Amino acid sequence: MSACVPTRATDSNANVSRTKRVHPPHSPPPPSPRRFRIAGADVSASIAVFLIALPLSLGIALATGAPLQAGLVAAAAGGLVAGLLGGCPLQVSGPAAGLTVVTADLIHRYGWRTTCAVTVLAGLAQLALGCVRVARTALAVSPAIVHGMLAGIGVTIAVAQLHIVLGGTPQSSVLANLRALPAQLADLHPADVAMSVLTLALLLLWPRVPGRLGHLMRKIPAALVAVAGATLTASLAGLSLAKVDLPSWSSHALAGLPEGPVLGIAAAVLTTTLVCSVQSLLGAVAVDKLVAGQPGLSARVGRSDLNRELLGQGAANVVSGVLGGLPVAGVAVRSSANVQAGAVSRNSTMLHGVLVVVAALLMVPVLELIPLASLAALVMAVGIQMVSLHHIRTVTRHREVLVYAVTTLGVVFLGVLEGVLLGVTVAVAVALNRLAHTRITHDEKEGVHHVHVRGQLTFLAVPRLSRTLHLVPQGTHVVVELDGSFMDHAAYESLQDWQNAHTARGGSAELTGRRTGVRVTEPDHTGGEATPADTATGTTSGGSSTTTEAPARTNAPAHTTANAPTGEPTTSTACRCHPWTPWRNHQCDHPQSAPPSGHPGEPADRPAPGTATPGDTDTGTGTDTHPGTRKDTGTGPHPGTGTKPGTTPGPGGHQLARGISAFQRNTAPLVRGELARLAKEGQRPSQLFLTCADSRLVTSMITSSGPGDLFVVRNVGNLVPPPGEESGDDSVAAAIEYAVDVLRVRSITVCGHSGCGAMQALLNSEPGGAQTPLKRWLRHGLPSLERMADDGRPWARLAARAPADAVEQLCLTNVVQQLEHLRGHESVARALREGALELHGMYFHVGEAQAYLLTEEDGEQLFDGVGVADLSA
């Protein structure tokens with residue numbers, strides 16, 4: 001090994017104060033034994049969640065008409081049982097506003113003890129569903145139905161609680177509450193109204209206090225501030241109004257045997273199970289999205305296990321029902337607060353449950369000072385927030401506003417189960433209508449006929465499709481755009497028959513599909529006849545070559561080109577490319593005279609074009625370079641590629657021209673609107689991504705980012721030269737300063753990778769010699785070598801395994817060292833002090849296609865893998 005390779009001192013005369021390493025010189029230190037401990041972040045997060053859960057639990061119990069202690073029992077059961085057993089570590093469960101209407105109706109019909117029994121039975125049903133692993137089936141419910149259900153429940157809650165806000169008593173239904181509202185407005189109770197208005201004002205204004213003071217104040221939950229403010233005001237003013245009444249726990253009512261009609265009890269169990277399960281599972285998915293937005297947290301927590309979450313919710317409902325508590329479900333407000341407060345494990349959820357138990361046992365005198373009007377105002381605000389304008393805009397954009405409106409009105413006027421069933425019926429009807437409705441238009445532009453098919457092509461649309469296609473004159477060029485994702489056999493045969501007849505009469509056809517899954521194949525002119533299952537590229541007849549997709553063949557978008565007439569038919573070689581083959585340096589070139597064995601210069605182990613390999617899927621005449629993007633690989637130059645007649649560009653020119661042509665034809669129309677917006681508004685990236693210039697690192701692919709998302713700086717070795725005249729580098733420093741001070745990025749990521757040539761060069765470099773530009777640049781990596789050779793510093797390591805060799809160890813160490821260099825830049829240091837910037841370290845193993853994110857654990861730099869589950873939610 002060269003002189004620059006770091007070594008570890010093993011001399012017995014070495015500094016005795018330094019702990020000697022007994023592991024091999026280029027392997028990470030052995031992991032320290034694990035012991036149970038609660039992170040400080042979990043403790044602070046649990047306090048924040050507890051301060052939100054306490055008033056909300058009492059308020060929801062008040063809204064349902066249940067004993068107020070039932071809300072505390074449910075909060076404790078949700079925190080301790082669901083927190084311990086659930087599959088979403090950071091989701092907080094407890095009494096949910098979405099269950100208020102269901103529970104209130106049960107109490108009104110069957111009484112409190114039977115309601116507790118229904119909660120137990122619903123929990124058992126959830127346990128059964130979790131055991132048969134059907135959790136993901138619940139996610140098949142249309143979001144419009146779920147949002148409509150929650151909106152209907154929110155309207156019901158708000159109307160009912162309005163009576164308590166005004167000093168009265170709510171009725172049993174929305175219609176009854178609306179009818180009684182005028183009389184209630186005529187009989188106001190000023191004290192109740194005043195406390196309600198104060199609560200709502202604090203709820204609204206507390207999160208909007210500006211400046212540094214507001215930032216500090218927002219650490220205290222607005223719900224707690226609102227209720228505490230109203231309670232303190234009522235106590236100091238000596239107002240006479242109804243307050244919380246917590247009876248002795250010795251008289252607390254527990255579950256009893258269900259009493260009532262069997263069908264009614266069964267419907268109640270079904271409704272409770274449905275609402276609890278769907279709300280909890282959707283809440284788990286929402287928490288996954290919140291966690292995925294925090295890279296360090298997503299690597300540590302992982303994605304939710306929905307079946308386990310259903311089991312945890314079922315167990316919590318059983319415990320809550322047995323102990324006389326409300327039904328339990330995942331609660332979005334508390335869960336989001338838990339994530340935002342910095343929770344890193346399920347310990348925060350469980351600690352919040354412990355705090356609820358302590359409060360229920362020791363804080364009764366304080367809780368009994370809370371005015372009921374304040375709790376009612378709090379719950380009314382939650383109900384209003386459940387009618388989300390964002391959800392309304394979303395369902396409107398997706399043309400599902402009818403489903404949303406019908407579900408909402410059904411829940412408000414009929415009940416939760418009836419409203420959901422009505423919404424499902426309307427959703428199915430809308431889906432069938434969309435499947436049967438197809439719009440077919442025909443127009444002519446500059447001598448080219450365009451037939452545009454919007455919607456799904458089924459046998460119902462065949463007559464209109466046939467009439468439109470036969471309006472196209474013979475011998476003309478036609479572009480048929482199939483803007484749909486489904487085509488049945490009748491439509492396929494009709495389109496194929498017309499295509500064959502049109503091309504036989506001297507016309508040309510170009511079939512394009514903006515959606516996936518649509519393919520039509522021409523007959524094989526070599527003697528066979530193509531079938532819907534054919535996957536070979538079509539041949540040219542009458543001066544045209546057309547290929548689209550057969551039904552249910554592949555997910556690759558269909559695109560074909562019409563070649564200019566050549567006077568005689570020519571057969572194009574079929575190209576079978578995986579969507580990822582361009583990243584394997586496979587460009588699907590088709591020279592005019594290729595040897596039978598394949599491409600000239602092609603590796604011997606690569607199959608020739610047209611030769612199927614296991615798992616190959618025919619993608620017509622092109623290959624995907626990005627989801628939704630095609631890279632044309634047909635023969636011959638394309639119009640507009642800049643290739644002059646009579647010239648033969650080299651392979652690089654062909655590749656560049658084809659890529660640009662494919663972008664202009666397929667990708668540009670899809671991104672033109674977004675790029676126009678970015679051109680008008682300017683770039684506003686959220687991250688500076690500093691990585692190596694290695695061609696194997698595709699930053700947009702690894703980070704799933706698009707235009708305007710990343711400000712990328714690439715150099716040899718992902719180095720960040722420290723600031724200063726002697727060792728600084730104006731190019732990298734200028735990019736950092738521009739990103740932080742001008743673009744205001746919120747995070748900077750330094751990304752290293754496996755097999756880095758720069759790190760290999762550092763390890764193999766010899767002292768002295770000619771100072772080439774590469775050597776002068778690599779001097780900025782020497783601190784990484786010194787850090788790796790320093791026994792006094794813990795080594796950066798991978799969480800799952802030991803580094804493969806010294807190069808990988810240096811790659812990991814280099815990321816940590818370059819982050820230190822980054823902190824030395826003035827603009828970065830200032831932004832860090834202000835809390836406006838975060839720094840992240842990342843390591844990408846090319847061979848494993850695995851990303852690792854840097855975390856701090858017990859003072860060690862640990863690179864933990866990011867799993868698929870962390871990014872798919």
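Basis for what follows: all heavy atoms, side chains included, without hydrogens, waters or symmetry-related copies. Counting begins at 1 with the first residue of the sequence. Bear in mind the structure is a predicted one, so any value in this text is a computation, not a measurement.
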* Is the backbone N or O of Cys751 less than 3.5 Å from a side-chain atom of Thr749, with the two atoms forming a donor-acceptor pair by type? -> no
* To do: Check whether more than 12 heavy atoms from other residues, nucleotides or ligands sit under 6.0 Å from atom CZ of Arg746, and answer yes or no.
  => no
* Grab the two heavy atoms, one from Tyr404 and one from Ala151, that are nearest each other, plus how far apart they are. => OH-CB, 3.2 Å
* Check: Ser661 side chain, Ala657 main-chain N or O, donor-acceptor pair, under 3.5 Å -> no
* **Gap between atom CG of Leu306 and atom CG of Asp288 - 0.5 Å precision** => 7.0 Å
* Spell out, as yes or no, whether a donor-acceptor pair under 3.5 Å connects the side chain of Thr408 to the backbone of Gly148. => yes
* **Heavy-atom donor-acceptor pair, Asn500 side chain to Gln496 backbone, under 3.5 Å** => yes
* To do: Output yes when a side-chain donor or acceptor of Arg505 lies under 3.5 Å from a complementary backbone atom of Ala501, and no otherwise.
  => yes
* His147 side chain reached by Thr394 side chain, heavy atoms, under 4.5 Å -> no
* Asked: Under 3.5 Å, is there a donor-acceptor pair between the side chain of Ser466 and the main chain of Val462?
  -> no
* **Contact check, side chains of Thr691 and His753, non-hydrogen atoms, under 4.5 Å** => no
* To do: For residues Glu444 and Gly447, report the shortest heavy-atom separation together with the two atoms involved.
  => OE2-CA, 3.6 Å
* According to the interplanar angle, ranging from 0 to 90°, do the rings of Tyr738 and Phe711 count as parallel (below 30°), tilted (30 to 60°) or perpendicular (above 60°)? -> tilted
* Asked: How about Arg399: does its CZ atom have over 12 heavy atoms from other parts shown lying under 6.0 Å from it?
  -> no
* **Exam field: side chain Thr438 to backbone Gln456, donor-acceptor pair closer than 3.5 Å** => yes
* Taking the side chain as every heavy atom from C-beta outward, state whether Val451 and Leu471 have any pair of such atoms under 4.5 Å apart. => no
* To do: State, yes or no, whether a side-chain contact exists between Thr441 and Arg454 at a heavy-atom distance under 4.5 Å.
  => yes
* Asked: To the nearest 0.5 Å, what is the distance between OG1 (Thr396) and CG (Leu402)?
  -> 11.0 Å
* Would you say the side chain of Leu690 lies within less than 4.5 Å of the side chain of Val732, judging by non-hydrogen atoms? -> yes
* Which pair of heavy atoms, one from Thr699 and one from Thr703, lies closest together, and at what distance? -> O-OG1, 2.6 Å
* Asked: Side chains of Leu675 and Pro707: does their closest heavy-atom pair fall under 4.5 Å?
  -> yes
* Asked: What is the distance from atom NE2 of His489 to atom CZ of Phe459, rounded to the nearest 0.5 Å?
  -> 14.0 Å
* Asked: Where do Lys445 and Asp443 come nearest, in terms of heavy atoms and distance?
  -> CE-OD2, 3.6 Å
* Might you point out which heavy atoms bring Val403 and Ala427 nearest each other, and give the distance in Å? => CG2-CA, 3.7 Å
* Go through Ile748 and Val740 one step at a time and tell me if the side-chain contact (heavy atoms from CB on, under 4.5 Å) criterion holds. => CA-CA 9 Å; Ile748 302 179; Val740 175; 3.9 Å; yes
* So Trp498 and His502, would you call those rings parallel, tilted or perpendicular, with 30° and 60° as cut-offs? -> parallel
* Between CZ of Arg684 and CG of Leu678, what distance do you get to the nearest 0.5 Å? -> 9.5 Å
* To do: Hey, could you give me the CG/CE distance between Leu150 and Met386, rounded to the nearest 0.5 Å?
  => 4.5 Å
* In Å, rounded to the nearest 0.5 Å, how long is the span from CG of Leu495 to CD of Glu493? -> 11.0 Å
* Structure fact -> On a heavy-atom basis, the closest approach of Gln687 and Ser747 is CG-OG, 3.2 Å
* Hey, are the side chains of Phe689 and Met842 touching, using non-hydrogen atoms and a 4.5 Å cut-off? -> yes
* Exceeds 12 heavy-atom contacts within 6.0 angstrom, atom CZ of Arg439 -> no
* Close side-chain approach of His442 to Val472, heavy-atom, < 4.5 Å -> yes
* Using the side-chain contact (heavy atoms from CB on, under 4.5 Å) rule, take Val448 and Glu510 through it: C-alpha gap first, then chi angles, then the decisive distance, then the call. => CA-CA 10 Å; Val448 179; Glu510 179 180 346; over 6 Å; no
* Asked: What do the steps show when you test Val430 against Glu400 for side-chain contact (heavy atoms from CB on, under 4.5 Å), and what is the final call?
  -> CA-CA 8 Å; Val430 169; Glu400 292 184 323; 5.8 Å; no
* Is the backbone N or O of Asp694 less than 3.5 Å from a side-chain atom of Arg714, with the two atoms forming a donor-acceptor pair by type? -> yes
